[in-house]
Amino acid sequence: MKLEYFVYIYDEHDNELEVDMELLEEGYSYGVVTGDGEEIKLSPEQVQKARDQYRENLEEYEAAKADYYYDY
């Protein structure tokens with residue numbers, strides 16, 4: 001299992017947005033609409049949603065890694 005630095009969230013129009021967490025943490029708060037590649041500025045709520053999703057992904061990754069090492 002590999003930890004991805006991209007998260008996927010939805011906007012108010014149900015468009016899927018790809019957010020690069022490395023860029024977000026550097027202050028670049030934009031996402032890309034999947035499918036058409038349009039870049040949009042994220043609202044503060046969307047930024048928080050992306051950070052929450054990344055934290056969930058990180059927790060799942062750490063749990064899976066712990067399980068993997070526990071099995072060996």
Side-chain angles (χ1 to χ4, degrees):
M1 179 177 201
K2 181 180 174 191
L3 179 62
E4 294 292 328
Y5 292 106
F6 294 96
V7 296
Y8 297 90
I9 60 172
Y10 289 89
D11 68 6
E12 63 277 359
H13 304 291
D14 287 333
N15 295 317
E16 186 179 51
L17 306 174
E18 180 183 76
V19 180
D20 184 327
M21 293 307 295
E22 290 179 318
L23 291 176
L24 183 64
E25 293 308 316
E26 291 177 8
Y28 189 76
S29 58
Y30 287 84
V32 175
V33 178
T34 57
D36 69 6
E38 179 185 359
E39 196 172 69
I40 62 163
K41 176 117 174 89
L42 300 175
S43 69
E45 294 83 17
Q46 290 170 320
V47 169
Q48 187 60 49
K49 198 184 298 186
R51 286 184 174 140
D52 291 344
Q53 181 63 49
Y54 184 71
R55 186 173 30 257
E56 286 178 32
N57 293 353
L58 184 59
E59 289 170 0
E60 288 176 14
Y61 173 77
E62 291 297 328
K65 189 168 74 171
D67 289 343
Y68 174 81
Y69 287 114
Y70 179 74
D71 288 342
Y72 291 99

For residues [X] and [Y], report the shortest heavy-atom separation together with the two atoms involved.
X     : Y     : value
Gln53 : Tyr8  : CG-O, 4.4 Å
Val19 : Tyr30 : CG1-O, 4.3 Å
Lys41 : Ser29 : NZ-OG, 2.8 Å

Problem set entry | Distance-only donor-acceptor check, side chains Thr34 and Glu18, under 3.5 Å | no
Worksheet item: Side chains of Tyr5 and Glu22: is there a donor and an acceptor less than 3.5 Å apart?
Response: no
Partner of Leu17 under side-chain contact (heavy atoms from CB on, under 4.5 Å), picked from Leu42, Val32, Val7, is Leu42
Rounded to the nearest 0.5 Å, how far does [atom2] of [Y] lie from [atom1] of [X]?
X     : Y     : atom1 : atom2 : value
Ile9  : Gln46 : CD1   : CD    : 5.0 Å
Tyr61 : Tyr54 : OH    : OH    : 9.5 Å
Arg51 : Leu58 : CZ    : CG    : 14.5 Å

ask   = Is the closest side-chain heavy-atom distance between Glu59 and Asn57 below 4.5 Å?
value = no
Practice task
Let me see the working for Glu60 and Arg55 under side-chain contact (heavy atoms from CB on, under 4.5 Å), right down to the final yes or no.
Solution key: CA-CA 9 Å; Glu60 288 176 14; Arg55 186 173 30 257; over 6 Å; no
Cluster question for you: counting only ILVMFWY and a side-chain heavy-atom cut-off of under 4.5 Å, with indirect links fine, are Leu24 and Tyr10 together? no
- [ ] Take Leu23 and Glu25 through the side-chain contact (heavy atoms from CB on, under 4.5 Å) test and state the conclusion after the steps.
- [x] CA-CA 5 Å; Leu23 291 176; Glu25 293 308 316; over 6 Å; no
_Keeping Gln48 on the side-chain end and Glu45 on the backbone end, is there a donor-acceptor pair under 3.5 Å?_
no
Lys49/Asp52 salt bridge by N-O under 4.0 Å criterion:
no
